Amino acid sequence: MKLKITCLQMDIAFGNPSENYQKAERLIEEAMKENPDIIVFPELWTTGYDLTRLDTIADKGAVNTIDFFKKAAKKYQVHFVGGSVANQGEQGVKNTLLIINNKGQLVHSYSKLHLFKLMDEHLYLEAGEEKGLFELDNRLFGGVICYDIRFPEWIRAHTSKGAEALFVVAEWPAPRLSHWRSLLLARAIENQCFVIACNRSGHDPNNEFAGHSMIIDPWGEVLAEAGTTEEILSAIIELDLVKDIRKQIPIFEDRRPELY
């Protein structure tokens, strides 16, 4: 099964959801010229890392963002791995990844499990507890957020259940670009899966971001990689390759988790 994936590596207006929704509309319209099956957004794309004002700019229940993606999915008949949004709930704000199918249905939401203390996430966000497993077109995928990729056991919790591709949405800083590339390549190789990683570009008052969104195959070959500026990145993935590679080198059969 072939799927065309398009990542929207957007620069995010700091703390300005209205401006970011407008930009997202323009980028989706532009991306549809690529005829994608799935469009991927970066992490916290409606607000950026304006964490100190989340009590006023977070999306309550993620309602506005879900509605935005539902309308776009129905209009263009495309799936969205909708990046993540600052999602205001009764217990606080979570960093929530949204999956909307091409019929305009919310398929799954996943809230970031591992909070990144270096950027003060633990001071303003509540951690999630559920897995990022979801289905589109009857195929199983995993979705994680940024810092999550530093926890290989968390990624394996998804691929050991059969996920054939991992979607990573991020606001990964430029000083650790080499880590971003190395970790993504490792996650693809060790899990024998596609990795689709959509990072943001640009900067905010405190950080410069790395860009370099990537689409990687299960052998660790880079199918497409963006630069550092705002960019629409696309590649075709062949999901049946995952099954073939997992037969050639049967790491999932050879695991000995009872001893780990």
Side-chain angles (χ1 to χ4, degrees), residues 1-11 24 27-28 30-43 45 76 78-84 97-102 110 132-137 139-146 148-150 152 155 158-159 163-172 174 176-201 209-246:
M1 179 182 184
K2 292 184 179 180
L3 291 172
K4 189 166 190 180
I5 311 295
T6 295
C7 296
L8 303 186
Q9 181 173 288
M10 64 185 287
D11 191 358
L27 289 175
I28 292 169
E30 183 69 20
M32 288 309 301
K33 296 176 183 178
E34 303 279 335
N35 294 313
D37 297 294
I38 302 175
I39 294 177
V40 190
F41 273 71
E43 179 185 16
W45 67 268
Y76 295 109
V78 66
H79 301 302
F80 283 100
V81 175
S84 71
L97 171 66
L98 302 170
I99 311 298
I100 293 86
N101 68 17
N102 57 10
Y110 159 73
L133 286 169
F134 63 92
E135 287 189 12
L136 290 173
D137 293 332
R139 306 297 284 255
L140 189 63
F141 304 103
V144 298
I145 302 173
C146 205
D148 283 335
I149 65 170
R150 288 188 180 272
I155 307 305
H158 296 76
T159 55
E164 297 176 296
L166 179 74
F167 289 87
V168 181
V169 303
E171 289 205 33
W172 196 278
R176 292 179 292 281
L177 171 59
S178 63
H179 291 193
W180 166 255
R181 297 191 80 262
S182 297
L183 289 165
L184 292 173
L185 291 166
R187 298 298 87 89
I189 295 166
E190 71 194 6
N191 289 285
Q192 299 175 320
C193 70
F194 286 94
V195 170
I196 298 101
C198 186
N199 196 25
R200 70 161 289 183
S201 64
F209 296 94
H212 282 268
S213 298
M214 300 175 73
I215 301 174
I216 306 166
D217 80 4
W219 286 121
E221 298 295 329
V222 178
L223 303 179
E225 182 172 358
T228 59
T229 60
E230 195 164 81
E231 186 173 340
I232 295 173
L233 182 77
S234 295
I236 294 172
I237 65 172
E238 173 54 83
L239 289 178
D240 293 336
L241 180 62
V242 174
K243 185 182 295 183
D244 293 340
I245 291 173
R246 289 177 178 175

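This one's a predicted model, so the numbers in the text were calculated from it and none came from an experiment. One is the number of the first residue; the rest follow in order along the sequence.
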Stepwise salt bridge (Lys or Arg N to Asp or Glu O under 4.0 Å) test for E164 and K243: CA-CA 8 Å; E164 297 176 296; K243 185 182 295 183; over 6 Å; no

Test log, rule salt bridge (Lys or Arg N to Asp or Glu O under 4.0 Å), inputs R200 and E43: CA-CA 7 Å; R200 70 161 289 183; E43 179 185 16; over 6 Å; no

Check against side-chain contact (heavy atoms from CB on, under 4.5 Å), D137 and H79: CA-CA 9 Å; D137 293 332; H79 301 302; 3.1 Å; yes

Residues H158, N191; criterion side-chain hydrogen bond (donor to acceptor under 3.5 Å, both in side chains); working and verdict: CA-CA 9 Å; H158 296 76; N191 289 285; over 6 Å; no

L166 and V168: CA distance, side-chain angles, deciding distance, side-chain contact (heavy atoms from CB on, under 4.5 Å) verdict: CA-CA 6 Å; L166 179 74; V168 181; 3.9 Å; yes

Criterion side-chain contact (heavy atoms from CB on, under 4.5 Å) on V40 and V169, from CA distance to verdict: CA-CA 8 Å; V40 190; V169 303; 4.1 Å; yes

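With a 4.5 Å cut-off on side-chain heavy atoms, Q9 and E230 do not count as touching. M10 is listed as a side-chain neighbour of P42, based on a closest heavy-atom distance under 4.5 Å. Between N35 and K33, every side-chain heavy-atom pair lies at or beyond the 4.5 Å cut-off. Counting only heavy atoms from C-beta outward, the side chains of T159 and R246 approach each other to under 4.5 Å. The shortest distance between side-chain heavy atoms of Y76 and I39 does not fall below 4.5 Å. Residues S84 and L98 have side chains not in contact (no heavy-atom distance under 4.5 Å, counting atoms from C-beta outward). When side chains are defined from C-beta on, W45 does not count as touching D11, because their heavy atoms never get closer than 4.5 Å.
Scanning all heavy atoms of the two residues, the minimum distance from A163 to G142 falls at CB-N, 3.9 Å. Pairing each heavy atom of D240 with each of R139, the nearest pair is OD1-NH2, 3.2 Å. Shown here for F194 and E238, the closest heavy-atom pair between the two residues is CE1-O, 3.2 Å. Here the closest heavy-atom approach between residue I236 and residue L223 is recorded as O-CD1, 3.9 Å. Nearest heavy-atom pair across I245 and Q192 is O-NE2, 3.7 Å. Smallest separation of non-hydrogen atoms from I216 and A188: CG2-CB, 3.7 Å.
The line from OG of S213 to CD of E231 is 8.0 Å long, rounded to the nearest 0.5 Å. S234 contributes atom OG, which lies 11.5 Å from atom CD1 of I38 (distance to the nearest 0.5 angstrom). With rounding to the nearest 0.5 angstrom, the CD1 atom of I237 is 9.0 Å from the CG atom of D37. The distance from atom CG of L8 to atom CD of E30, rounded to the nearest 0.5 Å, is 10.0 Å. Between D217 atom CG and C193 atom SG the span is 10.0 Å, to the nearest 0.5 Å. Atoms CD1 and CG, on I100 and L136 in that order, are 9.5 Å from each other to the nearest 0.5 Å.
Ionic pairing of R187 and D148 is not present here: no N-O contact between side-chain nitrogen and carboxylate oxygen is shorter than 4.0 angstrom.
By the 30° and 60° cut-offs, the orientation of the rings of F141 relative to F167 is perpendicular.
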